[in-house]
Structures are given as structure tokens and as C-alpha cells.
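Down below is the structure, laid out as C-alpha cells.
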Amino acid sequence: MQEGSGNYYNPQSIEPKWQKYWDENNTFQVQEGTNKAKFYALDMFPYPSGAGLHVGHPEGYTATDIVSRYKRMRGYNVLHPMGWDAFGLPAEQHALDTGEHPRDITVTNINNFRRQIKSLGFSYDWDREISTTDPAYYKWTQWIFLQLYKKGLAYVAEVPVNWCPALGTVLANEEVIDGKSERGGHPVIRKPMRQWILKITEYAERLLEDLEELDWSESIKDMQRNWIGKSTGAEARFAIEAEAGTAEELTVFTTRPDTLFGASYCVLAPEHELVERIVSTEQQAAVKAYQEQAARKSDLERTDLAKDKSGVFTGAYAINPVNGAKLPIWIADYVLAGYGTGAIMAVPGHDQRDWEFAKKFDLPIIEVIEGGDVTKEAYTGDGPHIRSGLLDGLNNEQAIATMIDWLEKNGKGAGKVTYRLRDWLFSRQRYWGEPIPILHLEDGTMKPVPEDQLPLLLPDVDEIKPSGTGESPLANVTDWVNTVDPESGQPARRETNTMPQWAGSCWYYLRFIDPHNDDALCSTEKQKEWLPVDLYIGGAEHAVLHLLYARFWHKVLYDLGVVSTKEPFHKLVNQGMILGENMEKMSKSRGNVINPDEIVSEFGADTLRMYEMFMGPLEATKPWNASGVEGTYRFLSRVWRLFIGDNGELNPKIQEYASSVPFERVWHRTIKKVTDDFEHLRFNTAISQLMIFVNEAYKQESLPKEAMEHFVQLLSPLAPHVAEELWSRLGYKETITYVPWPTYDESLTVDNEVEIVVQISGKIVDRIQIPSDMEQEEMQRVAMEVEKVKAALDGKTVRKVIAVKGKLVNIVAN
RNA sequence: GCCGGUGUGGCGGAAUGGCAGACGCGACGGACUCAAAAUCCGUUUCCCGCAAGGGAGUGGAGGUUCAAGUCCUCUCACCGGUACCA
């Protein structure tokens, strides 16, 4: 970098100048009540960690920023906000370690994040900044919870949960990795505890169905479909013969009711409530031992050891409703308590898991569908049924329908749809989260905190320490916990569980629409104006949970009439991961982390933004490359010198009139390509085209001012600071932000003459220049006249000639 | 195992079924300079050849087509998700 003159490209002076200008002029403030079409471009807001911004953050943020700036120039009213998902475990862990209050840590971290984000020149409307930890915000998170509670969608249950003694908290399944906590890697065990659960399963079908209308990648939709895991089958009821009597009934879920005649035993999950009531005296000890062993294993350990099936006979029998066969009832941990009815009928002939179990414990294998060899493995394919009474001769589909019909007519069962999706474990035993606004009265009943008393504030505490009992640290705050029901005057105890981090991020896109409203989470009119989010960009790690939870809440709010769209996010794009230079995931331990602050101070924000967009397709995973950053910086310097001479004056080649025809083509093609690429988020190829323009411009004797102005506009969404600076040097006083996007003349994007290829039987023989509008017949005639073609065709017969306008002529001959 | 994705020069990556390798990085050469950096201009898929020219080529094997990186079948590798879900 040069020193002195001040006429070279100097992002360090340009960028703060324009950031200040945008701030002072409220350039990106949303104007309400315009008649412009709206566009809502949303980033997944970050958790403000102590580590600060990572180069992965600006990737998605730059993409939405480019689209936002582009749409403004296209005349849209753009909502482009930013905020903080600031509740969460890391701040609490830090507080436990240092004694600092999580609120203070959070404020510090947010300030740092805001500084970093602002240094990148994103066009957010900062008047709409929100934090999930702000009482004015979480008031409405609590309000939504109360609506869920009132609709019966929030309930309390004693459930075995992942208890992590080291963190003193319960973890959701998704927070447990390989039997260890995701954060910290501490051991996790299963322990029953009183928990708040949200009934997301009630919305399973709608969450599945409404995926169809969304403009999301098929892979993300598929991940959600798999997570919801719909399966269609039947429930069948079996009478039970046990020492204790025959009053009990066993209900199983199966997707293959057609194989009912092939059932040779039944299996209950070890936790199944029937087990205690049906177990025989003789088997009692063995069953108990097995149950204890299973309880000690985490879900993962249970599946990890899946290769080897285990189980114990209960001493009881189930009676097959179709043929009266007496089937032994076993318990085994390959049957999961949480899915279906927690019990199965085992058909070893036609289910591989049952087959393995039957082999191990020497249970009968009955073939009821022809087509395989059940002595070698289970046959799961289609085929004619045998040994199956009324099903004999039918194929699978017919037999399933017939059997469901039979079960229903005989009162032994019914068709049934089951989902893999589980209800959402919503409570956390933590301090740093939204308090759940519920009172536990002395008489043992529960009631919600009245809505007019929201927000229920997190109490201030000097020190956060685990309660030790598994309850949250709030249990220690006796002044807060012990209260009085404002309606009945009864003594009451506050709920000490808090909400998970997902809660605040479930609805933040709604608050951005109306961030200062004290009377509603979002006004009806504004919600109607802005929903749905037109473009939502974020990391693929949120492909399932965040997006599913947010969709669930949105649908509840839709049912309540709070929002008027069925879905919150119309178009979703996941930006790919940025790897370190060594092609490995960036991490402190690998020493390959790139700090955006360093890139900004060395090369400027415009270079960082542009480089990240130039690396490759937005959705691809791609490695960082320091030389690539320099290359981008070199390009922006080259742009600068194209406009500004060493003397600091505008390049005298830039003139009102002059233009050459070839340059005019590049100019109009550039507008066309960049416009089209921005519409499709293909920023890497848009940048290539801008580079082509600059390369061409350097070769010109003179440069039309209009073309150069257009170029600055095309560049401005990518590199807004340098674009604003050049725009002002071109003589404009106002920001470039709202200058209408340039248009191009289609006829000026095509050449008069093109080089086409002449092929013989698909092999290139020669290239010739022809007028680009030459018709196919004429092209064929011209091609036949080419010397090399004549020579190559000597002695051959022409079978066919294909001409593609403006591209090629292919002569098929032999 | 199942579901999804990706395989193209030394590297990141471009290519509505129609000239593979745009653009950038790196490398090499030239100009400028006492010299270097910076900058500007060129060359750069690989192999054979002094050259003219020829041959090969988009993970691999087949196929459809006048024409395949692109469509179809099979297969291999890597990445992501999920995992006894009955």
C-alpha cells in the first residue's frame, strides 16, 4: 500500500466516512406507509458469543445485504433488520466460572458484535435492533407461552431426560452428542424429572404438508420430512394371558398389518407401563434387572449396541386377534417407549430386526409372504400372502387394506398414522432464560401469571449457583420464588424452569416488523404488510430444529389470528461453511481461524464482503484463501484507478459522449448478467462479469460516463463504501442507495458477428465468422463451402446437417 | 444401513444438451525501474512435437443423441443429515 497522496484506494478512510453518513442520515430506515412493494430480507440473528464474529457470519449477512441494497434500487421498501439471540448456556457457564452477571457479559458481547457488524457496512435498520433478553421482548415470548398453555399445547410431565450433573441441567436430545453434552463434553445420564413439554406433535401433519408451498431447497425439506417421519399403518389390540389375569390388553402399532398371521411373539419397551402388571413371578427378577440395565443406558448407547439384540421374557402371553395364537411377550430395548405405542408384534419372517431377535432367542419364524428365503433373512418385499386366511393370495397393498378393514370390523384395531416427531422438551434448569410465567399454588394447582403482569422479570441475583437439586438457580432466590397469587391471595411458588434458547428465536422475525409495540407482539396491519419473510439466509445447522420450532409457533399464532400467513419464511437459503485454508473446519484448536476484524483493518470491509461472495456459490462449502482476498483487494484498487487518477481527479477518459460499439456490448451485457445473477443469488458470477467489464474498460480510449455510473451502481450492493465514494466523485450529492437500477438494451447485448464451429460428425473441423442473425439454411450452405470441410468430406456421403443458430453447424457424413 | 448433496486444470470455481476450463489465485514471460515492490500487457488443461499440427480429457463403466460435464443405468470416493421409528 502506498502512503501520502491520499488518491489511492484507501478503504480505511472511505469506509468509516460512509458508515457515519448512513447512520446520520438514517439511510436504511424503513419508511412506513409508502406504496412501494415490500421486501423482507432476514438473517438468522446470531448468539453474541464472547469469541466475536466469525468469517462465517458475514457470508450470509453479505448475501442478504446485497439483495436488500439491490431491491432498494429496484424500488422496493426493504425491511432488513438485525438483533441478538442472547439468552443461552455459554453466558451462564461464563457467569458460573467468573461470577460476572450474565446480563453484563451479554451487554459486552452484544456491543462487540454490533461494532463488528457495523464495520462491515450492512444496511440494517438499526432502529429495529432487538435482543431476546430485553424484558420488552421476552414479555411477548412469555405471552406466546401462555397462549400455548391456554390452548393445551404446553403441559407438564415426569419424563426421563438427559441429566448432566456437571452442567447441573437437563439437555435436549439434540444437545447430547455421543452420550456427552454438546457443550463441554460432560457425561449425561437419564433421570426422570418434571418438565414442560410443548405439543408440537399436534401440528405434525400441517408441518409436513405445508412444506410443499415453500421455496426451500429440497434437501432441507427432506430433512424436515424425515424428522417428522410420518408412517401409515394400523394399531392392533391383543388380549393378554398373564398370572395376574386377562383383563389387560396390549396395543401395538405396525406398518405391516398384513403380516399379522406371521407374528410369533410381542415385544414391549422396557419402560412400558404394562410390564409390571403382566410379569410372572418366575420372571420378575430377570425383568427387573433388564429394566434397570436399560435405564442406565442413554438413548445413544442403546442404539450403539444395537448390533447385538437383548431382551427378557415376561412370562405373559398375547393372543393374536386373527387366529388366537398364543404369543410370548418379551421386553427388549430395541423397542422404543417413545414411538408408536411402545409395543410391537414381532414378525421375524418379514422384519429384519425381529428376525435377528428371533434367531438369537430361538423364536419361531413364520413365512406369510412368498418371495424370499426366511431361513436366511427377513423378506420385506412384495408378494402373495400365504398361511394368512383371508389374506391368502393377496399382494402387500391389498392385504394391508383388507386387514385394516378386518381389524376395524371386528373391533380389534384400526388404521393409524404415527409420527417420529416427539413433543418438544421446553424447560431448562437454568437462570439465563425467559422465566416460565406459571404459579404453583399451595393447593397443588397451577395457574398462569396474568397477562397484564408480564413481563415476569428475571430476578436480579448477586451470584448464580446451581441449586444442586436439578432445579434451576432460580430455586435459590426465595424472595422471587415465594409469592402470592394476585387473584386468590393464596401463597404460591413460581415456576423455576426457564425457556430454552429456541424460544426467543421462534418469533423474532415478527418483532422486527413492529419492534416498539407495547400492546401487541406485532400489530395486525404491519404483520399483514410485511409477512412472510421473502428471503431468509442462515446456516444449515438450523435446518431442522429452529426452523421446525419457528414454523410450529407461527402456525399456533396463525390459529390465534395473530399472523395471517400459514408459513413464516417463504424462501430459505443455507449458506455453506467456510473452511480454513487447510480445507478443515475452522477452530481454535486447529489454529486456522480467520478473524474478520483483521481482514477489515488490512483490506477493508468491501474486500471482505466481495471476497466472501467471490469464493464460490453461496450454498457451497469452500476453503478460505489469503491470496484470494488480496486478489479481490487488487480488483477494487483497479476499479478505483479506473475512476480516479494519481492527481485525485476523475479519470479524463470518462466523458459524456464517447463510446465504442464493442464496449457498449460489454456494458449492456454486464447490466444484464449482474441483474440476473443477483436475482438468483449467484454473486460469484456477477463479480466475474464486473471484472470482465473492468478489464475491457482498461483497454478503452474513452469511457462513456453513463456506463461508468451504471458500473458503480452494479458494484454498490457488493462493495457499498467504495461505490458511494465513487458516486460522490462522479458529482452526486445524495447516497447511491435509492438511485434506480440501470436497465439494458437487449439488442446491444448481442454481437453482429459471431464465430461458430463447423463440425463433421461431432468433431470440430473449423471455426468461421458469420452474422449472428444468419438463418439455419444459410449457415448450412456457408459451412459446406469451407475449404477444410470440403477436404474432410472428400469421398464421404453427407447424411444429415444440423445447424444451431449462432452456435454451430454439424455435418453428419460417412 | 437409509435419505440428500458433491466429484471439472496446480488451486477456488465457470459452462439454457451445442467451441469444456469464463473470472480469480498461483506460476511463467515481457514492459516500466539503477534495482525491487507496486502497476500495466501477455502466456498458462495435460501429453507428443522445434513448429505446423496431432492425441487425450469433466471420479469410473455402460447407454440415449447428429452432439453429453449436463439426460438415463450401474459403480466408486468424499461431505452433510439420520439412525433398531415397527
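For clarity, every value in this text was computed on a predicted model and none was experimentally measured.
Looking at residues two or more places apart in sequence or on another chain, you find a side-chain hydrogen bond (donor to acceptor under 3.5 Å, both in side chains) between A/Arg638 and A/Asn695. Under the side-chain hydrogen bond (donor to acceptor under 3.5 Å, both in side chains) criterion, A/Arg799 pairs with A/Asn814, not counting sequence neighbours. With sequence neighbours left out, A/Trp667 forms a side-chain hydrogen bond (donor to acceptor under 3.5 Å, both in side chains) with A/His710. For A/Ser217, the side-chain hydrogen bond (donor to acceptor under 3.5 Å, both in side chains) partners at least two apart in sequence or on another chain are A/Ser219. Not a single ring-ring contact (aromatic ring centres under 6.0 Å, His included) links A/Tyr744 to another residue, sequence neighbours left out.
Taking side-chain N and O atoms only, A/Arg420 has no distance below 4.0 Å to OP1 or OP2 of B/A83. One finds a side-chain N or O of A/Ser231 lying less than 4.0 angstrom from the OP1 or OP2 phosphate oxygen of B/A86. Regarding contacts with the backbone of B/G55, a side-chain N or O of A/Lys763 is found under 4.0 angstrom from either OP1 or OP2.
For the pair A/Lys309 and A/Tyr334, the cation-pi criterion (under 6.0 Å, within 45° of the ring axis) is fulfilled.
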Show your working on salt bridge (charged side-chain N to carboxylate O under 4.0 Å, His left out) between A/Arg781 and A/Glu778 and close with a plain yes or no. CA-CA 5 Å; A/Arg781 200 190 55 72; A/Glu778 179 70 1; 3.0 Å; yes
Is there a salt bridge (charged side-chain N to carboxylate O under 4.0 Å, His left out) between A/Glu775 and A/Lys805 once you walk through the steps? CA-CA 7 Å; A/Glu775 292 301 328; A/Lys805 215 173 156 181; 3.5 Å; yes
Step by step, work out the side-chain hydrogen bond (donor to acceptor under 3.5 Å, both in side chains) result for A/Asp751 and A/Ser772. CA-CA 7 Å; A/Asp751 290 310; A/Ser772 57; over 6 Å; no
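A distance of about 26 Å separates the P atoms of B/C72 and B/G80, rounded to the whole Å. Between B/G69 and B/A20, the two P atoms lie 8 Å apart (nearest whole Å). Between B/C41 and B/C32, the distance separating the two P atoms is 15 Å to the nearest Å. Between B/A31 and B/G24, the two P atoms lie 23 Å apart (nearest whole Å). The C1' atoms of B/U45 and B/C28 are separated by 16 Å, rounded to the nearest whole Å. Rounded to the nearest Å, the gap between the C1' atom of B/U44 and that of B/G10 is 11 Å. B/C11 and B/G21 have their C1' atoms separated by 13 Å, with the value rounded to a whole Å.
Screening residues 615-631 of chain A for side chain to side chain donor-acceptor pair (under 3.5 Å), with sequence neighbours left out, gives A/Glu59-A/Lys622. Residue pairs meeting the side chain to side chain donor-acceptor pair (under 3.5 Å) criterion with at least one member in residues 537-546 of chain A, sequence neighbours excluded: A/Tyr536-A/His546.
Under the 4.5 Å side-chain criterion, counting only non-hydrogen atoms from C-beta, A/Ser702 is not in contact with A/Phe663.
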N/O to N/O distances under 3.5 Å, protein versus nucleotides 26-32 of chain B:
unit_1, atom_1, unit_2, atom_2, d
B/G26, OP2, A/Arg634, NH2, 3.1

Just the table, please: protein N/O against nucleotides 41-47 of chain B N/O, every pair under 3.5 Å.
none

Protein and nucleotides 62-66 of chain B: nitrogen or oxygen contacts under 3.5 angstrom:
unit_1, atom_1, unit_2, atom_2, d
B/C66, O2', A/Asn810, ND2, 3.2
B/C66, O2, A/Asn810, ND2, 2.6

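Base orientation for B/G9: syn, the chi torsion being within 90° of 0.
A salt bridge does not link A/Asp676 to A/Lys673: none of the charged side-chain nitrogens sits closer than 4.0 Å to a carboxylate oxygen. A salt bridge is absent between A/Lys221 and A/Glu212; no separation between the charged side-chain nitrogens and carboxylate oxygens falls under 4.0 Å. Salt-bridge formation is detected for the pair A/Asp308/A/Lys360: a Lys NZ or Arg NE/NH1/NH2 atom is positioned less than 4.0 Å from an Asp or Glu carboxylate oxygen.
Out of B/G13, B/C84, B/G24, the shortest distance to the side chain of A/Tyr334 is found at B/C84.
Between the side chain of A/Lys807 and the base of B/C19 there is no donor-acceptor pair of N/O atoms closer than 3.5 Å.
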Under a 4.0 Å heavy-atom criterion, the protein footprint on nucleotides 2-11 of chain B, written with B, S and -, is -SS-------
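Remark on RNA chain B: of its neighbouring residues A/Gly631 and A/Met223, the 5'-side contact belongs to A/Gly631, judged by nearest-heavy-atom nucleotide. The residue among A/Asp351 and A/Thr685 whose nearest nucleotide of RNA chain B lies closer to the 5′ end is A/Thr685.
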What does the 5'-to-3' dot-bracket notation of RNA chain B look like when only Watson-Crick and G-U wobble pairs under 3.5 Å count, and pairs to other strands show as |? (((((((..(((.....[....)))((((((.......))))))((((....))))..(((((..]....))))))))))))....
